[in-house]
Q: 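Have a look at this one before I ask anything.
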Number of protein chains: 2
Amino acid sequence: MASSTVENYLKEILVVTLETESSKVSMGQVSKVLRVTPGTATAMAKSLERDGWVSYYPRVGVSLTSKGKKLAMSMLRRHRLLETFLVETLGLDWSEIHAEAEELEHAISEKVLEKLDEFLGRPRFDPHGDPIPSKSGVIKRPASKPLSEFSENMSVRIESIVDQDKKFLKFARKTKLVPGQIFKILRVEECADAMTLKTTKGQSINLGLRSAEKVLALPFES
Amino acid sequence: MASSTVENYLKEILVVTLETESSKVSMGQVSKVLRVTPGTATAMAKSLERDGWVSYYPRVGVSLTSKGKKLAMSMLRRHRLLETFLVETLGLDWSEIHAEAEELEHAISEKVLEKLDEFLGRPRFDPHGDPIPSKSGVIKRPASKPLSEFSENMSVRIESIVDQDKKFLKFARKTKLVPGQIFKILRVEECADAMTLKTTKGQSINLGLRSAEKVLALPFES
DNA sequence: GACATAATTTTGATTAGTCAAAGTAGATAT
DNA sequence: ATATCTACTTTGACTAATCAAAATTATGTC
């Protein structure tokens with residue numbers, strides 16, 4: 001049985017792996033995402049390796065074993081299903097579900113999760129638009145890319161918000177910058193580090209490119 | 001912040017306090033309900049006292065401080081609301097909800113609990129018929145008593161099942177020995193350690209007195 | 001009152017997870 | 001190629017929670 005600490009390490013290692021698209025995650029990254037000192041991350045890497053969750057390459061980083069990946073995927077599934085439940089069923093605010101799911105995901109059993117999945121109608125995406133891994137651990141990542149990479153005059157459909165920063169999430173919500181919404185890219189000003197979007201209803205939003213990197217979208221054919 | 005171990009100790013101490021109706025709980029009882037060795041219970045009693053959750057009287061036992069009682073009540077509330085949710089909303093089996101709620105109760109926040117309470121329509125009793133403490137920690141214990149203490153020819157209304165044993169819960173469910181049901185006590189045979197009940201529909205059930213002690217009921221005036 | 005028994009406490013040890021601070025190894029720059 | 005900087009590892013220490021087994025204290029019996 002993995003402790004919830006182990007579950008957290010594995011989940012975060014998986015998330016970083018998916019984000020960076022490189023199989024090894026450095027101890028620096030691990031210690032940063034888990035908010036522990038580097039020494040702690042190293043110590044943990046060793047015991048994760050001892051228990052067969054990861055391979056540890058000193059001074060390079062860790063990569064998930066298949067056993068580790070399986071558990072990490074299952075954690076991601078729990079997390080995203082719980083977030084869906086918290087928003088859809090209980091009506092919690094979008095900006096607070098992450099922390100809540102973070103706690104609950106370690107306590108919910110496979111059995112309850114299965115019932116919850118059924119109750120929710122087996123959703124395939126969470127409220128952020130991120131895909132929910134299937135029971136067998138398969139995850140379909142749609143070919144979305146950051147808003148910052150689209151060019152002027154394209155229409156896009158928001159897919160997900162990568163960032164978990166509370167303030168940004170609140171802003172995103174207020175401006176309807178949420179999964180499913182359609183926008184047209186009015187202007188992209190590389191030199192001014194900004195872009196302008198327009199909703200289908202004509203409202204326009206100014207977005208720094210830094211923030212635009214955090215919003216994934218698909219091209220939208222109208 | 002109390003660890004979930006502390007939460008468990010306090011909750012179980014509260015449950016024993018309510019059951020035995022005496023304010024001090026001996027270390028023997030504590031070590032039994034929490035399935036730890038006596039030495040562990042003693043060590044824990046000291047640190048619970050250090051942190052202001054209980055008063056510890058060496059060689060006598062512990063009693064909850066008001067701070068400890070408050071947290072313990074809140075745990076009981078979480079537990080019972082979660083059990084209600086697991087049965088009512090997710091349709092889990094009566095016999096498996098206890099263990100599930102035991103895990104989830106440490107992970108659910110006040111905010112989510114509040115939303116859950118609202119979603120469930122602010123129930124006042126859990127699926128076992130046990131009262132759910134209010135947010136402020138008030139609990140109404142109905143004046144029910146064990147089936148074994150009723151006499152022949154009385155009609156009773158089942159209030160709750162004290163035991164958490166899986167097999168017994170399954171049996172209880174099958175024979176409709178569940179909260180709300182009405183039975184007539186046909187016979188009580190102290191010497192044979194058994195009693196016979198009859199449902200309103202005429203079916204009869206044989207119950208050992210040992211088991212009858214675990215079923216609480218109220219006299220029922222028809 | 002002395003002795004056996006049961007309950008409780010002490011003691012010594014272990015594991016998981018953590019930090020601070022000192023040490024080491026690679027990469028980078030001059 | 002040497003010095004420096006940064007990332008990583010090691011070391012030593014701490015807390016929470018636990019157990020096993022020895023020591024202690026009540027309790028009840030004769």
Side-chain angles (χ1 to χ4, degrees), chain A residues 1-13 16-17 19-20 22-64 67-68 71-72 75 102-103 105-107, chain B residues 1-13 16-17 19-20 22-64 67-68 71-72 75 102-103 105-107:
Chain A
M1 253 294 84
S3 66
S4 60
T5 309
V6 166
E7 290 179 342
N8 269 333
Y9 273 83
L10 298 179
K11 188 188 64 172
E12 296 299 345
I13 290 168
V16 175
T17 302
E19 268 172 15
T20 63
S22 81
S23 68
K24 291 195 194 70
V25 178
S26 73
M27 297 333 284
Q29 286 175 297
V30 171
S31 87
K32 209 168 98 206
V33 294
L34 284 145
R35 292 142 190 267
V36 294
T37 59
T40 302
T42 299
M44 197 60 184
K46 288 178 184 172
S47 62
L48 289 178
E49 172 157 75
R50 183 199 60 198
D51 298 341
W53 302 113
V54 303
S55 305
Y56 168 49
Y57 308 93
R59 304 214 112 90
V60 182
V62 287
S63 68
L64 294 169
K67 169 180 164 185
L71 180 51
M75 293 316 296
E102 200 79 2
E103 291 298 316
E105 66 194 16
H106 305 293
Chain B
M1 255 292 85
S3 67
S4 59
T5 308
V6 166
E7 290 179 341
N8 269 332
Y9 273 83
L10 297 180
K11 188 189 64 173
E12 296 300 344
I13 290 168
V16 174
T17 302
E19 268 171 15
T20 62
S22 81
S23 68
K24 291 195 194 69
V25 179
S26 74
M27 296 332 284
Q29 286 175 296
V30 171
S31 88
K32 210 168 97 205
V33 295
L34 283 146
R35 293 143 190 267
V36 293
T37 58
T40 301
T42 299
M44 197 60 185
K46 287 177 185 174
S47 62
L48 289 178
E49 172 158 74
R50 181 200 59 198
D51 298 340
W53 302 113
V54 304
S55 305
Y56 168 48
Y57 307 93
R59 299 203 174 261
V60 182
V62 287
S63 68
L64 294 168
K67 169 181 164 185
L71 180 51
M75 294 315 296
E102 200 80 1
E103 291 299 316
E105 68 193 15
H106 305 293

Q: Is the phosphate of D:dT9, meaning OP1 or OP2, less than 4.0 Å from a side-chain N or O of A:K46?
A: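 Negative; the distance criterion is not met.
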Q: Are A:K11 and A:E102 ion-paired here, with the side-chain N under 4.0 Å from a carboxylate O?
A: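 Salt bridge: yes.
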Q: Where the side chain of A:R59 is concerned, which of C:dT8, D:dA20, C:dT24 is the nearest nucleotide?
A: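 Nucleotide nearest to A:R59's side chain: C:dT24.
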Q: How long is the line joining CH2 of A:W53 and P of C:dA16, in whole Å?
A: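 Checked: the CH2 to P distance equals 13 Å.
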Q: Describe the nucleic acid contact of A:S3 in one word from base, sugar-phosphate, nothing, applying a heavy-atom distance below 4.0 Å.
A: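 Touches sugar-phosphate only.
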Q: Measure from CD on B:E49 to P on C:dT9 and round the result to the nearest Å.
A: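 Result: 11 Å.
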Q: Without decimals, in angstroms, what is the distance between B:M27 CE and C:dT9 C1'?
A: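 For the pair B:M27 CE and C:dT9 C1', the rounded distance is 10 Å.
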Q: Can you work out whether B:Q29 or A:M44 has the more 5'-proximal nearest nucleotide on DNA chain C?
A: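 In this pair, the answer is B:Q29.
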Q: What closest approach, in Å, do B:A41 and B:V30 show between heavy atoms, and which atom pair accounts for it?
A: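 Smallest heavy-atom distance, with atoms named: CB-CG1, 4.1 Å.
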Q: Which listed nucleotide (D:dA16, C:dA20, D:dT18) is nearest to the side chain of B:V36?
A: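 For the B:V36 side chain, the nearest candidate turns out to be D:dT18.
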Q: Would you mind classifying the nucleic acid contact of B:G28 as base, sugar-phosphate or nothing, using non-hydrogen atoms under 4.0 angstrom?
A: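 The answer is sugar-phosphate, as B:G28 gets under 4.0 Å only of primed atoms, P, OP1 or OP2.
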Q: Using only side-chain N and O atoms of A:Y9, determine if any of them is under 4.0 Å from OP1 or OP2 of C:dA16.
A: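 Answer is no, no contact under 4.0 Å.
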Q: For A:E7 and C:dA16, what is the distance between atoms CD and P respectively, to the nearest whole Å?
A: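 Rounded to whole Å, this separation is 15 Å.
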Q: Figure out the CG/P separation between B:L34 and D:dC19, and round it to whole Å.
A: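 One finds 10 Å between P of D:dC19 and CG of B:L34, rounded.
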Q: Taking atom types as they are modelled, is there a donor-acceptor pair under 3.5 Å from the base of C:dT18 to the side chain of A:R35?
A: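 Answer no: no donor N or O sits under 3.5 Å from an acceptor.
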Q: To the nearest Å, how far apart are A:K24 NZ and D:dA7 C1'?
A: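 It works out to 17 Å between those atoms.
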Q: Across the strands shown, which category fits A:T5 at heavy-atom distances under 4.0 angstrom: base, sugar-phosphate, nothing?
A: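 Sugar-phosphate, no base atom in range.
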Q: So, is the end of the B:K46 side chain (NZ or CZ) under 6.0 Å from the ring centre of B:Y56 and within 45° of the ring's axis?
A: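 No, cation not above the ring by the 6.0 Å, 45° rule.
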Q: Does B:Y56 reach a base, just sugar-phosphate, or nothing at all? Heavy atoms under 4.0 Å.
A: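 The residue B:Y56 makes sugar-phosphate contact but no base contact.
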Q: Across the strands shown, which category fits A:K32 at heavy-atom distances under 4.0 angstrom: base, sugar-phosphate, nothing?
A: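 Since no nucleic acid heavy atom lies under 4.0 Å of A:K32, the category is nothing.
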Q: Could you check which of C:dA16, C:dT18, D:dT18 has an atom nearest any side-chain atom of A:T40?
A: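 Nucleotide nearest to A:T40's side chain: C:dT18.
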Q: In whole angstrom, give the distance that lies between atom CG of A:N8 and atom C1' of C:dG17.
A: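 A:N8 atom CG is separated from C:dG17 atom C1' by 13 Å.
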Q: With heavy atoms under 4.0 Å as the rule, sort B:S47 into base, sugar-phosphate or nothing.
A: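 Touches nothing.
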Q: Rounding to a whole Å, what distance do you find between A:E12:CD and C:dG17:P?
A: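 Answer to the nearest Å: 16 Å.
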Q: Are A:L48 and A:V62 packed together at the side-chain level, in the sense that at least one heavy-atom pair is separated by less than 4.5 angstrom?
A: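 No, their side chains stay 4.5 Å or more apart.
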Q: Checking A:S4 side chain against A:E7 main chain: does a donor-acceptor pair fall under 3.5 Å?
A: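 Answer holds: no.
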Q: Tell me, do B:L64 and B:W53 make a side-chain contact under 4.5 Å, heavy atoms counted?
A: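 No, their side chains stay 4.5 Å or more apart.
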